[in-house]
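Have a look at the structure below before the remarks.
The structure displayed is predicted, hence computed values, not measured ones.
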Amino acid sequence: MVDQSKSLRESLIKSGLLTEGQVRDAVEEGRRTGETLIKSVLRKEMLDENTLISFLEKEMEIPRVDLSSYLVDQKTVDLVPIATARKYKLIPLFKVGDVLTVAMVDPFDVLALDEVRTRSKCDVEPMVAASKEIENAIAQYYGVAGSVEDLIKDFGPVPEAAPAAVAQAKEAPIIRLVSLLIIRAVAEGASDVHIEPTEKNIRIRYRVDGLMHDVSTAPLYLLSSIVNRIKVMAGMDIAESRVPQDGRFELKVEAKVIDSRVATFPTIFGEALVMRLLDKSSVLFGLGELGFGEDNLKKFQNVIERPYGIILVTGPTGSGKTTTLYATLNTILSPEKNIMTIEDPVEFELPGIRQSQINVKAGLEFANALRSMLRQDPDVILVGEIRDLETARVAIQAALTGHLVFSTLHTNDAAGSLTRLVDMGVEPFLAASAVAAAIAQRLVRTICARCKTPFEPSKEVLEKLGFDPREKVEFYHGKGCKTCRNTGYKGRTAIFEILPVDAAIQALVLRNAPSSEIKQAAVKAGMKTLRDDGLLKVRQGITTADEVVRVTQLD
């Protein structure tokens with residue numbers, strides 16, 4: 001290693017980048033400060049970083065890596081502790097066999113190489129990268145949990161007299177903190193970021209695979225700065241904190257285009273804020289990837305091939321209804337069909353489809369937008385949601401005049417959507433004749449593939465699901481690992497309940513039968529309930545019995 005350091009000094013002089021005196025000064029300075037030659041040269045600004053990196057790449061044959069377009073596997077990142085990465089300004093890149101390749105500011109830093117070798121138990125191969133890129137990579141891959149405290153230190157001590165003034169004066173750390181919160185959320189696959197003021201601090205939580213978990217906390221005096229930064233990004237009024245507000249913004253994280261819908265709500269401790277994150281660059285699912293079983297997929301394909309009628313997709317917020325509808329439109333898309341949508345908001349841009357978004361301030365709402373769309377000669381219409389009687393009647397009129405209409409409702413099951421229309425004020429004979437099918441759905445978490453193992457559920461859970469004790473079924477669950485944050489689950493899939501409206505169902509709707517009676521008739525005719533579809537996925541080892549009970553306990 002001594003020879004290598006000598007070679008570096010000689011090469012810097014030989015290249016003409018530095019004089020012998022400059023190198024000698026840098027070495028002496030490094031002895032006093034404990035810095036390496038390269039770090040001393042950079043700190044004293046004897047060379048700019050790009051020039052030095054080019055020299056290391058061409059003269060010293062140290063490969064250069066552009067971290068701005070480089071993705072690192074989290075398992076590789078975990079080989080090197082965050083303290084080591086920050087201390088020596090390095091980031092692990094990849095591991096082949098027993099050799100770990102690391103991007104560093106100084107690939108000749110012997111102490112850094114030795115510590116990485118000891119920590120990772122691997123031989124180390126260095127590459128060179130710009131210090132700013134390495135700092136960004138450390139923030140991105142090691143996450144917010146280890147960074148929030150450091151960022152808060154940037155604010156310094158807070159005088160009791162004017163904490164708000166201090167917070168507002170320190171904009172840069174707030175910008176970095178908000179960026180890190182979003183980057184970490186995207187990396188973890190979070191659908192929502194919650195920033196919640198409490199009596200003593202700010203609670204930061206992510207919703208991942210449908211469930212919330214704590215990420216970090218921050219001092220309460222930073223609340224207005226964090227909320228105002230996000231409001232600025234979302235085009236909201238930072239002067240108004242007494243009433244709820246909505247906004248949105250779009251940004252790029254790695255190679256992903258993330259659309260964020262922001263909502264604020266005043267609480268007794270300050271404004272609470274939620275960011276819903278949507279990866280607009282993700283590939284749209286096909287019907288086969290949504291979670292349809294073989295029988296349900298055939299039923300659904302038969303339903304969407306109809307030339308007219310209303311197809312309702314029902315379920316609570318966050319149950320995947322919009323994803324199902326987009327996948328459906330993508331499936332039936334063809335040059336022969338004119339497909340139009342009115343949504344709130346447009347979440348994915350679908351090529352070949354004319355999409356529009358409601359604008360309450362301008363007076364464009366579902367009902368009047370739908371009337372205007374009917375004059376555009378559509379074959380297929382998607383109405384984001386049937387919220388009122390007026391929208392329901394226009395949608396029914398469209399279905400009865402030869403259009404195929406897709407829309408959503410918030411009901412517990414498929415049968416409930418038919419009675420919901422009647423409760424809104426739609427005449428039973430119109431609901432019976434216009435609705436072609438109702439589909440209810442939920443999202444269940446899938447077992448983590450890395451820690452999946454055989455498992456025996458409790459008798460109580462099996463009884464709730466109605467399993468026959470004599471039935472031989474091999475159950476699985478996830479033991480918990482780093483990949484799934486020790487939850488045993490990674491990702492989600494949908495379970496479905498498909499109710500085609502045939503003559504028997506129409507008769508029940510006409511006489512105002514309750515939804516329970518409609519559901520019983522549909523089950524007799526062969527409909528699989530949400531729980532039935534969930535049990536099928538338990539038998540297939542896709543999800544757990546406990547998860548199906550959790551999601552369908554009210555059905």
Would you kindly say whether Glu188 and His213 are connected by a side-chain donor-acceptor distance under 3.5 Å? yes

Do the side chain of Asp532 and the main chain of Thr529 share a donor and acceptor less than 3.5 angstrom apart? yes

Candidate pair Phe496 and Leu290, rule side chain to side chain contact (heavy atoms under 4.5 Å, CB included), full reasoning: CA-CA 10 Å; Phe496 294 94; Leu290 294 177; 4.2 Å; yes

Which atom of Leu333 lies closest to which atom of Gly352, heavy atoms considered: CD1-O, 3.6 Å

Would you say the side-chain atoms of Thr446 pair up with the backbone N or O of Thr543, donor to acceptor, closer than 3.5 Å? no

Is the shortest heavy-atom distance from the side chain of Lys337 to the side chain of Ile332 under 4.5 Å? yes

Indicate yes or no for a side-chain donor-acceptor contact from Asn296 to the backbone of Phe292 under 3.5 Å, with no hydrogens or angles considered. no

Is it the case that over 12 heavy atoms from other parts of the model lie below 6.0 angstrom from the CZ atom of Arg450? no

Measure from the side-chain N and O atoms of Arg420 to the backbone N and O of His410, and report whether any donor-acceptor pair falls under 3.5 Å. yes

Calculate, to the nearest 0.5 Å, the distance between atoms CG and NZ belonging to Leu443 and Lys321 respectively. 9.5 Å

Under a plain distance cut-off of 3.5 Å, with no hydrogens placed, do Glu349 and Gln355 share a side-chain donor-acceptor pair? no

Within the 6.0 Å centroid threshold, strictly below: Phe348 and Tyr326: yes

Can a donor-acceptor pair be found, under 3.5 Å and without considering hydrogens, that links the side chain of Gln245 to the backbone of Asp237? yes

Is any side-chain heavy atom of Asn338 closer than 4.5 Å to one of Met340? yes

Run the side chain to side chain donor-acceptor pair (under 3.5 Å) test on Thr544 and Tyr489 for me, step by step, so that the C-alpha distance in whole Å, both residues' side-chain angles and the decisive distance to 0.1 Å come before the verdict. CA-CA 9 Å; Thr544 65; Tyr489 298 96; 2.6 Å; yes

May I ask you to decide whether Arg203 forms a salt bridge with Asp214, counting only side-chain N to carboxylate O separations under 4.0 Å? yes

Which donor-acceptor pairs under 3.5 Å do the side chains of residues 313-320 make with protein atoms, sequence neighbours left out?
from: Thr314; atom 1: OG1; to: Thr411; atom 2: OG1; distance (Å): 3.3
from: Ser319; atom 1: OG; to: Pro316; atom 2: O; distance (Å): 2.7

Which atom of Ile518 lies closest to which atom of Ala513, heavy atoms considered: CD1-O, 3.8 Å

State, yes or no, whether a side-chain contact exists between Lys519 and Glu497 at a heavy-atom distance under 4.5 Å. yes

Do Gln441 and Thr324 have side chains that get closer than 4.5 Å, going by heavy atoms? yes

Between His194 (side chain only) and Tyr206 (backbone N and O only), is there a donor and an acceptor less than 3.5 Å apart? no

Would you say CD of Glu294 has more than 12 non-hydrogen atoms from neighbouring residues, nucleotides or ligands within 6.0 angstrom? no

Taking atom types as modelled, find out whether Arg354 and Gln376 have a side-chain donor-acceptor pair closer than 3.5 angstrom. yes

CG (Leu430) and CD (Gln397) are apart, to the nearest 0.5 Å, by 10.5 Å

Donor-acceptor under 3.5 Å (Ser417 side chain, Asp413 main chain): no

Step by step, would you call Arg387 with Asp344 a salt bridge (charged side-chain N to carboxylate O under 4.0 Å, His left out)? CA-CA 12 Å; Arg387 295 175 178 172; Asp344 181 27; 2.8 Å; yes

Does Ile226 form a side chain to side chain contact (heavy atoms under 4.5 Å, CB included) with Ile202? I'd like the steps, not just the answer. CA-CA 10 Å; Ile226 294 172; Ile202 305 168; 4.0 Å; yes

Validation row: Tyr308, Leu404 side chains within 4.5 angstrom (heavy atoms): no

Is it true that the side chains of Ser458 and Glu460 contain a donor and an acceptor less than 3.5 Å apart? no

Evaluate Lys537 against Glu547 for salt bridge (charged side-chain N to carboxylate O under 4.0 Å, His left out), listing each step before the verdict. CA-CA 11 Å; Lys537 288 177 172 59; Glu547 181 68 0; over 6 Å; no

Treating Arg531 as the side-chain partner and Thr552 as the backbone partner, does any N or O pair qualify as donor plus acceptor under 3.5 Å? yes

So do Leu287 and Thr328 actually touch side chain to side chain, heavy atoms under 4.5 Å? yes

Would you find a donor on one side and an acceptor on the other, under 3.5 Å apart, between the side chain of Thr408 and the backbone of Gly384? yes

Are side-chain heavy atoms of Glu271 and Pro197 found at a separation under 4.5 Å? no

Looking at Asp533 and Lys528, is there a salt bridge between them, counting it only when a charged N and a carboxylate O are closer than 4.0 Å? no

Is there side-chain contact between Glu347 and Asp259, with heavy atoms separated by less than 4.5 Å? no

Considering non-hydrogen atoms only, spot the tightest contact between Ala434 and Ala399 and give its length. O-CB, 4.2 Å

Sidechain-backbone polar pair: Thr391 side chain, Ile386 backbone, donor-acceptor under 3.5 Å: no

